[in-house]
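First comes the structure, then the notes that go with it.
Naming convention: chains lettered A, B, ... in sequence-line order (proteins, then strands); numbering from 1 in each chain. Here the structure is a predicted model, which is why all the values come from computation and not from measurement.
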Amino acid sequence: MKVSITVNGKLYVRDIEPRMLLVNFIREELGLTGTNVGCDTSQCGACTVHMDGRAIKSCTCFAVQADGRQVTTIEGMASGDTLHPMQEAFWEKHGLQCGFCTPGMIMATTAYLKDHPNPTEAEIRHALDGNFCRCTGYQNIVAAVKTAAEKVGA
Amino acid sequence: MASRIFGSGIKRREDPRLITGKGKFTGDIMLPHMLHMVVVRSPYAHATIKHIDVTAAAAVEGVVAVYTNADMTLANIPCAWLIPNSNLKLVPHPPLAKEKVRYVGDGVAIVLAESRDIAQDAADLVRVDYEALTAVVNPEEASMDGAPLLHVEAPNNIAFRWIASSGDAGVEKAFAEADVVVKERIVQQRLQPSSMETRAAVAQWDSGNEEMTLWVSSQNPHIARFVVSGVAGLPEHKLRVIAPEVGGGFGAKLPIYPDEVLTVWAARKLDRPVKWVESRSENYTVTTHGRDHIEYVEIAATKEGKVTALRGKVYAGMGGYLSTAAPGIPTIAHGLMYSGVYTIPNLRCESIGVFTTTTPVDAYRGAGRPEATFLVERLMDKLADKLGMDPVVLRRKNLIPPFANGYTVAMGITYDSGNYEGALAKALGIADYDQLRKEQAEARTKGRYIGIGVTTYAELCGFGPSAVAGATGFQGGLWESAIVRVSPVGKVQVLIGASPHGQGEETTFAQIISDELGFPVKDIDVIHGDTSRTPMGWGTYGSRTTAVGGAALVLAARKIKEKARAMAAHLLEAAVEDIDYDDGKFFVKGSPDKFKTIQDATLMATLAWNLPPGMEPGMEASQFYDPPNFTYPFGAHIAVVEIDPDTGKVDLKRYIAVDDCGPQINPVIVKGQVHGGLAQGIGQALCEGAVYDDNGQLLTGAMTDYAIPRADMFPQFEIDHTVTPSPHHPIGVKGIGEAGTIASTPTIYNAVIDALKPFGIESINMPLTAPRVWAAIQEARANHAIGGR
Ligand code: FES
Ligand code: FES
């Protein structure tokens, strides 16, 4: 099947198997391997990307469902050498250790902040329910999201 | 002097690539003409293989080959911790099962195809004719007469029986004469390590040079090379193992598995690159699990609360085969720590390793020591309750007094340094313990169930020395190595044998070098995880990277410093003894304005136009380091929980951790390690647990069913520390990777039982989920109604 998907501002036209998942399209067709796969049951959030500005789990979406849409991956978050404030905040607050969950975390939380610019700690913790991290115990991820919210809000 | 880089919480140097998606994990590697491998796995926990038919699978378009055990002559996957005096049964573990499968997930065939989807489709067409046998999942039951037998070599499924004792007569006497004896049956439930990146391997064969490159998600690429080359029959120097970005390991990426061996074998056989990536459900059934003990433990004390003896019998599940380090965990890493932080004169641990038709068990964060800490701390609380004594008072009566250089416990091992009362006092202060107890009493009058748990712990880590490895049957060394290589213009490459994967040593090791030699951190690169670039090392586990590898690094740096000092003296036309050093500069004593920088000295040593007599050119130092002892970090943790008696839900209100890992190189990274450890330890207490049905099917085989802790389970952890240097480490550091996990499980457990005291509940099997706590409350209430407690 032929699809036209815009990823990080660039249009890609590809002929793909209908069963191809969006995450495999991104990783294997386009070679953008920043988006990770951590599970096979749509639990972990490592594969989170933005589709038309909203966070989705790209392991739970067929590539054909993204036909004609705008997808942003972790590779599209910084503009040139300038990191996205959320990327900055993860760095500053030590919000990552192995870094495997991190792209998904950054994608999920940036989308979340768009709708909830001023979250409380409890709200951030709740919002992270769809993203697992096995390394950090979440404390510094929560701090990073708070910091990013303050930066963006300021 | 500028503020010291050692001890400063600088931002991690690993992060820029990881927050932009540029970090390369094994699964990200794509090579031209690469094949994809899928392993066909047993759906039965225990069965004989009658016949395997691969014809249909092999006929699928895009399938290049399908292989079974019959197609290969590979050695067995070895077990590498052959604990002595234990009648250890080394059972064969072929990379693909031959006559029999011994757990759900045991590999029986491999499919190699042009894409992973095709390989998976074809794998479903491999027909295996099994004859099912009875499964057995509980290690205690598996050791009984009449249980289904896994290996003919191991009667009663007993893999080993290991005893450590301070002296049996003394132990018997202490129990016989005790005023009080308290017993407990503890189930250390099985845990699924659940690194967010599953395992993966990519192998590339260079047939011209007969060289193999293996990328593998591993904690110890050098051990992987050692073992994989042996099993696959490749000369060791012709195998290069690279652990690229590794997405967490927690012990489960320490063992050597059949999968990476098969990847290597297939790449050579087919002369094409081969990639294997584990799915999550595969990860849960195949990648090693942790814990799985059934323990019978008891403690003896005087009525004044002086503990006189502690003993235990452990049935430790091994799973279907002996994984790499498995026998050492419920024995050496467990039984020797029965003292905890207490002056207990009589100790005995009997540990029985038992095969069960389940996923093999190996190291999981803390490995053996969490189980030891749990049983000691659980017994201390139960004893305090029996004596009507505050648990803190009881602990204080038994704490080992502060020591700076060696304390030998009754099991015979010597802790390096400790100030347990110091950590405890600090934690109690932060928690405001007396006030907490008042609030608890008050809450009880209002029908609210608040509980407080206090743990004091020490752990054995910084795995080394190698002589101990040898004496305990570990089939490897436990030293580390470092090379410090300074380029002519003063840029530094640090090559280390250890293999960090999230712990941040690219940053902390650069801080060590900068602190020792004055090079700015930005000029220092720390390189690890590649057997062709780095010197030999034994890997990252047992909180040993900084404790052992860091020591090698410091000593290598000091060699550089002495060489640079000699070079600078030559340039300054002064005697070496007259040269002082400060922050990267060498100068003649008393005249700091006339100096040579370490960069000047490096350049002149490298040009070698005019060297002092006897000096070799260049600026490079290499150091192997075998530590004289383990390190023993310690601390005190306090948890406050509240339980909703109507639902059984445990609400974690506060968590205070005071840990002592010696001087901290980067306190932000140390805290991060503690946070992560706490989450895993609290996860064991409250939500995690592998569940098998009686047929040996793993019911928690997906992330839908295995409860990984989530962000909203935790309050803000309150983290603090004390500093007690290790006397034998060149910069006094001890290691912090496992502390949080080791201390937190008993802290939470004791807090929950403390909260339930009004119900008279003494124990509930972990994890302490709402349904279990609720059921215990219901049962207690029913007993109360009937028995009139
Ligand atoms: S990989 Fe998509 S949720 Fe886990
Ligand atoms: S940083 Fe390793 S899983 Fe989150």
Name the option with the most non-hydrogen atom pairs under 4.5 Å to chain A; the candidates are [options].
| options | result |
| --- | --- |
| B:Pro16, B:Gly740, B:Gly677, B:Gly683 | B:Pro16 |
| B:Arg365, B:Glu14, B:His501, B:Gln716 | B:Gln716 |
| B:Phe250, B:Phe25, B:Phe714 | B:Phe25 |
| B:Gly676, B:Ala711, B:Gly502 | B:Ala711 |
| B:Gly249, B:Ser194, B:Gly504, B:Ser195 | B:Ser194 |

So, taking the atom named [atom1] in [X] and the one named [atom2] in [Y], what distance separates them when rounded to the nearest 0.5 Å?
| X | Y | atom1 | atom2 | value |
| --- | --- | --- | --- | --- |
| A:Thr136 | B:Gln673 | OG1 | CD | 10.5 Å |
| B:Gln680 | A:Cys135 | CD | SG | 7.5 Å |
| B:Asp117 | A:Glu17 | CG | CD | 6.0 Å |
| B:Lys22 | A:Thr33 | NZ | OG1 | 11.5 Å |
| B:Glu197 | A:Cys98 | CD | SG | 7.5 Å |
| B:Ile19 | A:Phe90 | CD1 | CZ | 9.5 Å |

Worksheet item: Within the side chain of A:Arg27, is there an N or O that forms a donor-acceptor pair under 3.5 Å with the backbone of B:Gly27?
Response: yes

Worksheet item: Does A:Asp40 use its side chain to pair, donor to acceptor, with the backbone of B:Ser281 at less than 3.5 Å?
Response: yes

With a 4.5 angstrom heavy-atom cut-off, is it the side chain or the backbone of [X] that approaches chain B, or both, or neither?
| X | answer |
| --- | --- |
| A:Gln43 | side chain |
| A:Leu83 | side chain |
| A:Asn36 | side chain |
| A:Tyr138 | side chain |
| A:Thr102 | side chain |
| A:Glu121 | side chain |
| A:Ile106 | side chain |

Where on [X] is there a heavy atom nearer than 4.5 Å to chain A: the side chain, the backbone, both, or neither?
| X | answer |
| --- | --- |
| B:Ile669 | both |
| B:Pro500 | neither |
| B:Lys24 | side chain |
| B:Val246 | backbone |

Looking at every non-hydrogen atom in both residues, tell me the closest pair between [X] and [Y] and how far apart they are.
| X | Y | result |
| --- | --- | --- |
| A:His126 | B:Asp712 | ND1-OD2, 3.7 Å |
| A:Cys44 | B:Met703 | CB-SD, 3.8 Å |
| A:Phe100 | B:Gly247 | CB-CA, 4.0 Å |

Worksheet item: Is any side-chain heavy atom of B:Arg280 closer than 4.5 Å to a side-chain heavy atom of A:Thr41?
Response: no

Discussion item. Are the side chains of A:Leu96 and B:Arg12 in contact, using a 4.5 Å heavy-atom criterion?
Written reply: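 Of all side-chain heavy-atom pairs linking A:Leu96 with B:Arg12, at least one is under 4.5 Å.
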
Looking at [X], I'd like to know if its [atom1] atom is crowded, meaning that more than 12 non-hydrogen atoms belonging to other residues, nucleotides or ligands lie closer than 6.0 Å.
| X | atom1 | result |
| --- | --- | --- |
| A:Phe62 | CZ | no |
| B:Met30 | CE | yes |
| B:Lys671 | NZ | no |

Heavy atoms only, distances under 4.5 angstrom: which of [options] has the most pairs with chain B? Name it, please.
| options | value |
| --- | --- |
| A:Met86, A:Arg19, A:His84 | A:Arg19 |
| A:Gly130, A:Cys39, A:Ala122 | A:Cys39 |
| A:Ala127, A:Ala143, A:Gly99, A:Cys133 | A:Gly99 |

Worksheet entry | Intermediate values then yes/no, side-chain contact (heavy atoms from CB on, under 4.5 Å), B:Gln503 and A:Gln97 | CA-CA 6 Å; B:Gln503 297 88 345; A:Gln97 290 179 27; over 6 Å; no

Practice prompt. Kindly indicate, with the supporting measurements, whether the criterion salt bridge (Lys or Arg N to Asp or Glu O under 4.0 Å) is fulfilled by A:Arg134 and B:Glu688.
Written response: CA-CA 13 Å; A:Arg134 195 57 159 165; B:Glu688 291 183 42; 2.7 Å; yes

